[in-house]
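Reviewing the structure listed below.
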Amino acid sequence: QARQTGARHATMDVRNIVLPPCWESSGETQGRSLALSLLPAAFSKEHLGWSDSESEDGSPTEKDGVHAFHHPGSPRYLHPSMWCVTLRDLDNFESEVRSLWKAGGIPDDPEPPSQFHNDPKIGPSIYVVNKHYIRPETLRQGGMSWALMKHPKGLKCDVFATHCWSEGVFEFISKVRMSWPPGARHLWACFLALPQNGNIGAILQGDILQSPFAKALTRAKYVLVIPNKTQSIYLRLWCVYEAFLSLQLVAKKNLVISLPSAAPHWEVLRSLVPGFCLWLAGAVTSYRLWAPKHSDLLPPLLWLLTAVFSSLVVVEFCKMMIRIVRRLLGQSAKLGKRQEIVVGWLALMVMGVGVGFVQHGLRHHSHTSKWQWEPGEGWACGFLTANVLLMHTSSIVRAIAAAVRRAEGVQLDFRTVRDATCTDEGDEARIRQAIKGHEENIDHAIRALRVIGRFNRATHQNMQYGLSPQRVRDGLALFKVTTACCAWSYWWVTDLVATGHQFWATGSSLLSCVVALSAQWLIGEQSIFAMDTLFYFGSVYIVASLVFARFLWGNLPLNEKRMSYDCIPLQAACFVMMCLTNLWFYRGGYARACASWGAAVAGRCYAGDAEHPVAWHSQTDEAIRSATSPEVWALVPGHDQLSSSSSSTSGSGWGSDTSDGEGETDESVSFGAGERSAA
């Protein structure tokens, strides 16, 4: 083309030359070299640069071994945060790689071989996938990254994946799906974002804060930490640096860092079916055998509350006994997934027994009983029973998700980030200089993340308020909130149904649930304690109202169907006490009390359903010390302001790079992006 036009220096992209099959079979590197050797000397490699225009076939060219899309000096350059893919792209990528792998087109690397190469759930390592699929595929399309090959105009970064190239590619994609944040659209993963045929060293040279990893991470909203079965990602120095950088970004823009934790659907279904069967068996057995003789001893509501609290007692007692037995056997006191599930089944069975008494009391109530009830209680009891059942069911799902998080945390095992390595000596020197003096803090942060499973601004503040790592890990409980709303609105629903206003009864119950869930959604994870107090004070209110109706009011409000009106002062008193308790907690009263009692007590003062007592579980003890250690949050800019006010926010972090802040404290453990050594 150059000879025909008489041009001395042509703008060409050698990677767009169509090579004969015999050349391609000898390898893309040899084929490209052969193509270059056939060009005139005037068009040798050093003369093949890109200009402001495009090549004759319309494709952008390269300079310094870097494709124009990735070269900062190119007019076609895209910001590194735009080098992203979608979940559908990942599905297509997996399909293409799996087909090639099954056909034998992705052989294992003999030095060193991967023990999971032939495992269909884990698959070949990203090293060999890059060598046998990504590089040849992107080379044929012009030499850009796989992400920009799919989306030449780029996609804005929502999610940043930190991972290690020694992992299996199917394992990586599966875990990304498991941990995909709601509302997120685009993923930045280094092996798809970087031009694997280009000069990666030229892209990474210079200020480390100007690297594509740092720029993409700065604009991400979420960081997905993707462990693997082959190697801890924190033995890779680039991932350690990104953990350091993510800690700084948490305070700037409330970056959310998380481990894969979604419970597999088939496992959830397999675990819930026996629980429902036990619940049904308990309900039928108690209805037919025990309730005919004893249901009149208590009103339906009190039977239901007895079942709820009995199930909670059974759960804690069984957990305590399991821990004692495991300790006597010289094992860890931590409950396994199966033990958690079995305990959940027992709770459902106890609930079923209570439901049998409730149904019999509603259907065959004897008016000779000292306890009276309103006709409308059947409606209200139905709402409350359904939500309690869902609450116990969700605890089984949380147990499965917690087991997933624990397994992922085990795969992050490491001694210290000081042991991390990097294949490029220049990169290693720059990273070690950047994290110098913070290695121990990063160690503490990663250990805390291994237990909690996620980190953001709310996580840190909850820990500082005094919540245990287990309660923070479990997060917000949807059905616990709806159960609380049913308790608070119980007598209003009962009176409305008793007077023939079923529509308004249902509406009032749903309205209370909508209001509480909306408040929980708006406030976020910082409302964990507030929603717990809503549940516990709602339970206190409903029990106290029954006691008052029986012993102070002589069942008169129940007989006259005005229980809701007579309970207004009691309901208001419980509500005020709940507000004062929340005010005391969120102003630091609980944290100060725990501090005065000592660190050991602080770890389990408010553990919710903590299954790992601090005295027995060294890993949880370490997590408590790590997550609440001031040194961990010394990395985080704006710490002082965040400590003093949960609503204060600093800069969005949407700018080019992060910088060292002066404050310290906002907690968040994080992780970085992928394995750079392969590039």
Side-chain angles (χ1 to χ4, degrees), residues 182 254 256 308-309 312 384 387-388 390-392 394-395 398 452-490 492 508-544 570-595 602-610 627-628 642-649 666-668:
N254 196 21
V256 178
V308 171
F309 291 113
L312 296 177
L384 191 57
N387 281 278
V388 169
L390 291 172
M391 182 179 69
H392 281 288
S394 65
S395 67
R398 285 201 306 272
I452 300 172
R454 69 183 181 281
F455 259 85
N456 54 23
R457 187 179 300 170
T459 304
H460 168 55
Q461 291 186 335
N462 281 328
M463 296 287 288
Q464 289 212 324
Y465 287 141
L467 294 183
S468 73
Q470 289 76 29
R471 187 64 193 92
V472 176
R473 180 201 66 195
D474 290 339
L476 296 166
L478 172 67
F479 294 112
K480 196 173 187 178
V481 176
T482 57
T483 301
C485 293
C486 289
W488 283 95
S489 61
Y490 184 88
W492 294 98
S508 63
S509 182
L510 292 177
L511 179 62
S512 63
C513 291
V514 169
V515 170
L517 292 176
S518 299
Q520 176 180 269
W521 180 78
L522 289 173
I523 300 172
E525 291 186 20
Q526 290 181 352
S527 65
I528 288 178
F529 182 83
M531 295 304 158
D532 283 355
T533 57
L534 184 72
F535 174 80
Y536 291 119
F537 277 96
S539 303
V540 169
Y541 159 69
I542 206 71
V543 172
L570 176 62
Q571 193 170 26
C574 290
F575 184 80
V576 170
M577 290 175 62
M578 180 188 72
C579 293
L580 292 175
T581 302
N582 283 317
L583 184 64
W584 170 75
F585 177 84
Y586 287 108
R587 291 184 67 87
Y590 179 80
R592 288 191 294 271
C594 287
R604 48 186 172 179
C605 285
Y606 177 75
D609 59 346
T628 57
L642 289 168
S643 297
S644 60
S645 172
S646 62
S647 61
S648 64
T649 54
D666 199 3
E667 142 305 303
S668 182

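You'll find the side chain of Leu467 stays beyond 4.5 Å of the side chain of Tyr590, heavy atoms only. With a 4.5 Å cut-off on side-chain heavy atoms, Ser539 and Phe309 count as touching. Side chains of Met577 and Val540 form no contact here, defined as non-hydrogen atoms less than 4.5 Å apart. Residues Tyr465 and Tyr586 are in side-chain contact: their nearest non-hydrogen atoms beyond the backbone lie under 4.5 Å apart. In this structure, the side chains of Tyr541 and Met578 stay at 4.5 Å or more apart for every pair of heavy atoms. At a threshold of 4.5 Å between non-hydrogen side-chain atoms, the residues Phe537 and Thr581 count as touching.
Applying the side chain to side chain contact (heavy atoms under 4.5 Å, CB included) test between Leu476 and each of Ile523, Asp532, Ile528 identifies Ile528 as the sole match.
Closest approach of Ala591 to Gln464, counting heavy atoms only: CB-O, 3.3 Å. Contact between Arg398 and Ala477 at its shortest, heavy atoms only, is NH1-CB, 4.0 Å. Across Phe535 and Thr483, no two heavy atoms sit closer than the pair CE1-CG2, 3.9 Å. Summarising the geometry of Ala487 relative to Ile542, their closest heavy-atom pair is O-CD1, 3.5 Å, with the distance given to 0.1 Å. Of all non-hydrogen atoms in Arg592 and Arg587, the two that sit nearest each other are NH1-O, 3.2 Å.
Under a 3.5 Å cut-off, the side chain of Glu525 and the backbone N or O of Gly475 do not form any donor-acceptor pair. Between the Ser527 side chain and the Ala530 main chain, no donor and acceptor come within less than 3.5 Å of each other.
No hydrogens or angles considered: nothing links the side chains of Asn462 and Thr459 as a donor-acceptor pair under 3.5 Å.
Atom-to-atom distance recorded for Cys574:SG and Tyr536:OH is 16.0 Å, nearest 0.5 angstrom. A distance of 9.5 Å separates OG of Ser489 from CG of Leu511, quoted to the nearest 0.5 Å. To the nearest 0.5 Å, atoms CD1 (Ile452) and CG (Asp474) are separated by 11.0 Å. In this structure, CG in Leu580 is found 15.0 Å from CZ in Phe585, a value given to the nearest 0.5 Å. Of the inter-residue distances, the one linking Cys485 atom SG with Asn387 atom CG reads 8.5 Å to the nearest 0.5 angstrom. One finds the NE2 atom of His392 at 10.5 Å from the NZ atom of Lys480 (value rounded to the nearest 0.5 Å).
Every residue was checked against the side-chain hydrogen bond (donor to acceptor under 3.5 Å, both in side chains) condition with Ser509, not counting sequence neighbours, and none meets it.
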